[in-house]
Amino acid sequence: MSPEPLRPLGYQHRHDQDFRRALNNAAQQYLNDKNDHRFADVRFYLKSLILLLCCLGSYLLAILAPVLGYFFVFYPLFICFALLLAINLVHDASHNAIFKSARANDWLNFWVTIPLGLDPECWRVRHIIFHHAHTNIRHYDLDIEENHVLRQTPYQRWYPFMRAQHLYWPLVAAMTFPALIWFFDWLDRFHFTRVAPHLRHQGNQGVVSFIFAKLLHLFVAIVLPAFMLADTGIGIGTLLLTYLLSQMFASLIFVVLILGTHWAKATFYTPPKEGNMPHGFYTHTFSTTYDWKTKPYWLTYWLGGLNLHLTHHLFPNWNHRHYPALAKIIERTAKQFSMDYHCIDAKALFTYQQRFLKEMGSGKKVD
């Protein structure tokens with residue numbers, strides 16, 4: 001059922017091996033100087049506990065509070081804190097950057113994603129095996145697959161309504177989570193996409209685990225609230241609408257944090273018919289990804305460092321607590337090797353995104 005597998009595609013690593021060696025040596029020296037490691041620390045665990053308590057507290061206030069209006073405040077907050085848990089824990093755990101044990105990271109991912117509803121294993125494959133390894137490469141990066149609604153690359157088909165995509169793209173971004181949770185996760189698990197062969201758990205074990213997680217999410221997010229709120233006047237229709245709108249808001253935030261950096265850079269590639277990409281991995285990452293600054297700066301920590309996205313792509317297996325220091329190391333090393341490093345502000349990021357979406361929406365093609 002799944003599409004034909006793509007041939008393995010790599011990079012000409014010798015092209016930027018000197019930069020790679022210097023960067024990794026500088027990063028290792030940073031750890032040595034601090035007598036530290038690349039995994040989570042006590043502050044990370046404390047932050048995670050705070051987010052978990054906020055998520056659980058919002059959920060309980062939404063379904064137990066005697067004041068009816070609390071539901072419409074705290075249920076969306078419950079979903080937003082579920083998103084922050086995913087950003088801060090699931091993202092790092094998928095890269096084995098919290099615990100040294102891959103099994104412990106896998107276990108954490110299973111339970112932390114229950115409130116949000118995403119399948120962590122399907123997302124891990126899409127994010128790491130396809131997106132990280134092949135950022136902005138046609139057919140390989142599933143984040144830029146053609147969807148006939150939003151034109152994300154000059155290689156995709158164009159329709160007249162796409163002239164307005166710079167205006168309606170937030171709606172498409174907002175629908176990403178609902179689409180992943182209730183459509184693409186199922187296609188991935190049941191072999192309708194290229195994701196399934198890369199999943200850790202195959203056969204009945206994978207299917208049972210997948211369905212159990214989806215049912216558990218349904219129980220937590222819909223069934224139990226519907227039961228607890230049955231006498232309050234909040235019907236199932238209102239509950240489902242609130243659930244959908246909350247998921248859409250969380251989805252919009254996440255897509256802006258991750259995909260927007262690749263749109264802003266606006267560099268896309270087609271794979272060669274034979275062999276590897278004609279440049280090195282580090283050169284490729286610099287050409288497709290930005291770092292950007294939050295304001296106030298402390299937001300970087302609570303957003304899991306996702307705004308330092310180039311840093312994340314260069315050091316994906318490091319816990320995000322290191323990203324600010326690593327970004328400075330990248331900047332210094334990039335200057336030594338004349339690599340084009342920029343850390344832009346949020347306003348510039350949005351400006352670049354809008355310019356890119358307008359350009360793609362105009363029907364621009366490649367030769």
Looking at [X] and [Y], what are the two nearest heavy atoms and their distance?
{"X": "Leu308", "Y": "Pro324", "result": "CD1-N, 3.8 Å"}
{"X": "Thr153", "Y": "Met360", "result": "C-SD, 3.4 Å"}
{"X": "Ala221", "Y": "Leu239", "result": "O-CD1, 4.3 Å"}
{"X": "Tyr323", "Y": "Gly304", "result": "CE1-O, 4.0 Å"}

Please answer whether the main-chain N or O of [Y] pairs with a side-chain N or O of [X] as donor and acceptor at a distance below 3.5 Å.
{"X": "Gln165", "Y": "Arg151", "answer": "yes"}
{"X": "Thr333", "Y": "Ile330", "answer": "no"}
{"X": "Ser209", "Y": "Gly206", "answer": "no"}
{"X": "Asp92", "Y": "Asn319", "answer": "no"}
{"X": "Gln205", "Y": "Gln202", "answer": "no"}
{"X": "Ser94", "Y": "Val90", "answer": "yes"}
{"X": "Thr113", "Y": "Phe110", "answer": "yes"}
{"X": "Asp291", "Y": "Thr311", "answer": "yes"}
{"X": "Asp141", "Y": "Ile137", "answer": "no"}
{"X": "Asn136", "Y": "Thr267", "answer": "yes"}

Task: Audit row: Asn24, Gln28, side chain to side chain donor-acceptor pair (under 3.5 Å) steps and yes/no - done: CA-CA 6 Å; Asn24 288 335; Gln28 187 58 50; over 6 Å; no
Residues 26-51 vs salt bridge (charged side-chain N to carboxylate O under 4.0 Å, His left out), sequence neighbours excluded, gives Asp36-Arg321, Asp41-Arg321
For residues 242-255, pull every pair meeting side chain to side chain donor-acceptor pair (under 3.5 Å), keeping only residues two or more places apart or in separate chains.
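For residues 242-255: Trp182-Tyr243, His217-Tyr243, Tyr243-Gln247.
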Taking NZ, NE, NH1 and NH2 as the nitrogens, is one of them in [X] or [Y] under 4.0 Å from a carboxylate oxygen of the other?
{"X": "Asp106", "Y": "Arg103", "result": "no"}
{"X": "Lys295", "Y": "Asp345", "result": "no"}
{"X": "Arg124", "Y": "Glu121", "result": "yes"}

message: Using the rule side-chain hydrogen bond (donor to acceptor under 3.5 Å, both in side chains), only one of Gln353, Gln152, Gln354 pairs with Trp169; which is it?
response: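 Of all the options given, the one that passes is Gln354.
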Step-by-step side chain to side chain donor-acceptor pair (under 3.5 Å) determination, Thr300 to Thr294: CA-CA 6 Å; Thr300 294; Thr294 58; 2.8 Å; yes
Assigning hydrophobic clusters by single linkage (Ile, Leu, Val, Met, Phe, Trp, Tyr; side-chain heavy-atom cutoff under 4.5 Å), is [X] placed with [Y]?
{"X": "Ile344", "Y": "Leu326", "answer": "no"}
{"X": "Phe130", "Y": "Tyr140", "answer": "no"}
{"X": "Trp111", "Y": "Leu49", "answer": "no"}
{"X": "Trp292", "Y": "Tyr301", "answer": "yes"}
{"X": "Leu53", "Y": "Leu64", "answer": "no"}

*Take the angle between the ring planes of His284 and Tyr269 and call it parallel below 30°, perpendicular above 60°, tilted in between.*
tilted
Review point. In terms of ring plane angle, is the pair His132 and His91 parallel, tilted or perpendicular, where the classes change at 30° and 60°?
Key: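 Taking His91 first and then His132, their aromatic rings sit tilted (interplane angle of 30° to 60°).
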Is there a side-chain contact between [X] and [Y] (heavy atoms, below 4.5 Å)?
{"X": "Asp188", "Y": "Asp119", "answer": "no"}
{"X": "Phe72", "Y": "Leu245", "answer": "no"}
{"X": "Tyr11", "Y": "Tyr282", "answer": "no"}
{"X": "Met277", "Y": "His134", "answer": "no"}

Quick check: are there more than 12 heavy atoms from other residues, nucleotides or ligands sitting under 6.0 Å from [atom1] of [X]?
{"X": "Phe227", "atom1": "CZ", "result": "no"}
{"X": "Arg189", "atom1": "CZ", "result": "yes"}
{"X": "Phe249", "atom1": "CZ", "result": "no"}
{"X": "Phe350", "atom1": "CZ", "result": "no"}
{"X": "Trp107", "atom1": "CH2", "result": "no"}
{"X": "Asp231", "atom1": "CG", "result": "no"}

After noting the C-alpha distance and the side-chain angles of His15 and His279, does the key distance pass the side chain to side chain donor-acceptor pair (under 3.5 Å) rule?
-> CA-CA 6 Å; His15 287 189; His279 50 250; over 6 Å; no
Are the aromatic rings of [X] and [Y] close, with centres under 6.0 Å apart?
{"X": "Phe356", "Y": "Phe268", "value": "yes"}
{"X": "Phe254", "Y": "Phe177", "value": "yes"}
{"X": "His320", "Y": "Phe44", "value": "yes"}
{"X": "Trp186", "Y": "Phe210", "value": "yes"}
{"X": "Phe190", "Y": "Phe192", "value": "no"}
{"X": "Tyr59", "Y": "Tyr75", "value": "no"}
{"X": "Phe281", "Y": "Phe286", "value": "no"}

Practice prompt. With ring-ring contact (aromatic ring centres under 6.0 Å, His included) as the test, would you mind laying out the steps for His322 and His37 before giving the verdict?
Written response: CA-CA 10 Å; His322 293 296; His37 52 75; 7.3 Å; no
With sequence neighbours left out, the residues meeting salt bridge (charged side-chain N to carboxylate O under 4.0 Å, His left out) with Asp185 are Lys214
Give the C-alpha distance, both sets of side-chain angles, the deciding distance and a yes or no for salt bridge (Lys or Arg N to Asp or Glu O under 4.0 Å) between Arg126 and Asp143. CA-CA 8 Å; Arg126 282 180 166 267; Asp143 283 356; 5.4 Å; no
Inset, instruction - Start with the C-alpha gap between Asn307 and His309, add the side-chain angles, then the distance that decides, and say whether side chain to side chain donor-acceptor pair (under 3.5 Å) holds. - result: CA-CA 5 Å; Asn307 56 295; His309 208 60; over 6 Å; no
